[in-house]
Amino acid sequence: MQLLTRADAGGADVQRGRICSLKARAVIIDMEEGVVNEILQGPLRDLFDSAQFITDVSGSGNNWAVGHKLYGGQYRDQIVEKLRRTAEQCDCLQCFFVIHSMGGGTGSGLGTFVLNILEDEFPEVYRFVTSVYPSAEDDVITSPYNSVLAMRELTEHADCVLPIENQSLVDIVNKINQMTNCGKLGAVKPNSLVTSNIGGVKESEKPFDAMNNIVANLLLNLTSSARFEGPLNMDLNEITMNLVPFPHLHYLTSSLTPLYTLADVNVPTRRLDQMFSDAFNKDHQLIRADPKHSLYLACALMVRGNVHISDLRRNIERLV
């Protein structure tokens, strides 16, 4: 399933701390209507505009070519129309987010086809892509081929790619569960974990909800500077400007720390030092890679909370 979102969201009516009216600026595409029907029947149905859904019945058969060539040509005009309609509602269109999987036919094929459309129709708008890669134990035999074919399109048509591996998400979920069972998290409440659904719109959890919540937290942190005021906030486009040294060299390794939400926005010095170390730890990476064994061309540390500039500079000098 592809979720195409914009950096700015619709106006929200907030009453007693609860968002009562909020519409996602999104186009949701899936060639198997069953998944989309779950959204329409679930607790998030009021968040999305059903007129912005594009579905089919048969699916792409885990085949990149079917999604990219067959459904791409068949649904191109419909996709362009819905994209333009949604973009026209934005007061300040900063960028597009494309969220898709790489192992299946629709995610890899039609997902990258949408990326081509964005480049043709909105050439001046940045294209951020969050690509979920299959694990080595994936049961879809064509997923390696789909991933390779889709990566060529990502290299040519995306401005910035945040690759995320399923196995890394599984490892993080297992790490959190192990720490919770062993009591290593101390007084951390279960509803403050990045994998938790407690307190959200949907209380019941499915097997993949914890993994999806990690990705959602990554995107929330990434877009926080566009949604909240702050003296050091930066534009989303600055991420691409500062972290992509050459064209096509736009694959970023992302990490997330801590694995829970701090109860207090005032981050203690010792806690901040540990967070900086964890950010470069392979156990906190969302893709199974160890950057310490390679070379950093650029690095960005996005810190949320009340921290002192002196502590940030001290940690940066310590890591360098």
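Please read these numbers as outputs of a predicted model, since none were measured by experiment.
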(message) Please give me the minimum heavy-atom distance between Cys160 and Thr240, naming the atom from each residue.
(response) CB-OG1, 3.7 Å

Show me, pair by pair, the donor-acceptor contacts under 3.5 angstrom made by side chains of residues 41-49, not counting sequence neighbours?
unit_1: Arg45; atom_1: NH1; unit_2: Gly42; atom_2: O; d: 2.7
unit_1: Asp49; atom_1: OD1; unit_2: Ala51; atom_2: N; d: 3.1

(request) List in chain and number order the residues that pass side chain to side chain contact (heavy atoms under 4.5 Å, CB included) with Ser310, two or more places apart in sequence or in another chain; answer none if no residue qualifies. (result) His308

(request) Could you tell me which residues satisfy salt bridge (Lys or Arg N to Asp or Glu O under 4.0 Å) with Glu81, sequence neighbours excluded, listed by chain and number? (result) Arg85

(message) Once side chain to side chain contact (heavy atoms under 4.5 Å, CB included) is applied, do any residues pair with Leu70, and if so which ones, sequence neighbours excluded?
(response) Val66

(message) Taking Val35 as the starting point, is it possible to reach Val140 by hopping between hydrophobic residues whose side chains are less than 4.5 Å apart?
(response) no

(request) Quick one: list whatever passes side chain to side chain contact (heavy atoms under 4.5 Å, CB included) with Tyr145, sequence neighbours left out. (result) none

(message) Can you confirm whether the side chains of Asn62 and Asn146 place a donor and an acceptor under 3.5 Å from each other?
(response) no

(request) Check Val36 against Asp30 and note the closest heavy-atom contact, atom names and distance. (result) CG2-CB, 3.7 Å

(message) If you define the side chain from C-beta out and look only at heavy atoms, does anything of Thr55 sit under 4.5 Å from Met31?
(response) no

(request) Following the transitive rule for hydrophobic clusters with a side-chain heavy-atom cut-off under 4.5 Å over Ile, Leu, Val, Met, Phe, Trp and Tyr, establish whether Val244 and Val98 coincide in one cluster. (result) no

(request) Using the rule that two of Ile, Leu, Val, Met, Phe, Trp, Tyr join whenever any of their side-chain heavy atoms come within less than 4.5 Å, decide whether Leu169 and Ile176 are in one cluster. (result) yes

(message) Counting C-beta onward and ignoring hydrogens, is there a side-chain heavy-atom pair between Val80 and Asp120 closer than 4.5 Å?
(response) no

N/O donor-acceptor pairs under 3.5 Å from side chains in residues 126-136, not counting sequence neighbours:
unit_1: Arg127; atom_1: NE; unit_2: His157; atom_2: O; d: 2.6
unit_1: Arg127; atom_1: NH1; unit_2: Val125; atom_2: O; d: 3.4
unit_1: Arg127; atom_1: NH2; unit_2: His157; atom_2: O; d: 3.2
unit_1: Ser131; atom_1: OG; unit_2: His100; atom_2: NE2; d: 3.0

(request) Looking only at non-hydrogen atoms, find the nearest pair between Pro163 and Leu252 and report the distance. (result) CD-O, 3.0 Å

(message) Under the salt bridge (charged side-chain N to carboxylate O under 4.0 Å, His left out) definition, can you give me all pairs with a residue in residues 65-79, not counting sequence neighbours?
(response) Arg76-Glu121

(message) Just to verify, which of Arg152, Glu156, His68, Glu153 counts as forming a side chain to side chain donor-acceptor pair (under 3.5 Å) with Thr112?
(response) His68

(message) Using side-chain heavy atoms (C-beta onward) and a distance below 4.5 Å, is Glu165 in contact with Val170?
(response) no

(request) Establish, from distance only, whether the side-chain atoms of Gln178 and Asn174 form a donor-acceptor pair under 3.5 Å. (result) no

(request) Give a yes or no on whether the backbone of Asp139 and the side-chain of Ser143 come within a donor-acceptor separation of less than 3.5 Å. (result) no

(request) Determine which pairs satisfy salt bridge (charged side-chain N to carboxylate O under 4.0 Å, His left out) with at least one residue from residues 277-286, sequence neighbours left out, and list them in order. (result) Arg271-Asp278

(message) Under the side chain to side chain donor-acceptor pair (under 3.5 Å) definition, can you give me all pairs with a residue in residues 242-251, not counting sequence neighbours?
(response) Thr155-Tyr251

(message) Give me each pair satisfying ring pair (Phe, Tyr, Trp, His ring centres under 6.0 Å) with a member in residues 270-291, each pair once, sequence neighbours excluded.
(response) Phe280-Tyr296

(request) Report yes or no: does Ser168 contribute a side-chain atom to a donor-acceptor pair with the main-chain N or O of Arg288 at less than 3.5 Å? (result) yes

(request) Indicate, with yes or no, if Phe113 and Trp64 share a hydrophobic cluster defined by side-chain heavy-atom contacts under 4.5 Å among Ile, Leu, Val, Met, Phe, Trp and Tyr. (result) no

(request) List, by chain and number, the other hydrophobic cluster members for Val57, where Ile, Leu, Val, Met, Phe, Trp and Tyr join if side-chain heavy atoms come within less than 4.5 Å, directly or indirectly. (result) none

(message) Checking Leu220 now: which residues fulfil side chain to side chain contact (heavy atoms under 4.5 Å, CB included) with it, not counting sequence neighbours?
(response) Arg227

(message) Please tell me whether Ile99 and Ile287 are part of a single hydrophobic cluster in this structure, the criterion being side-chain heavy atoms less than 4.5 Å apart.
(response) no

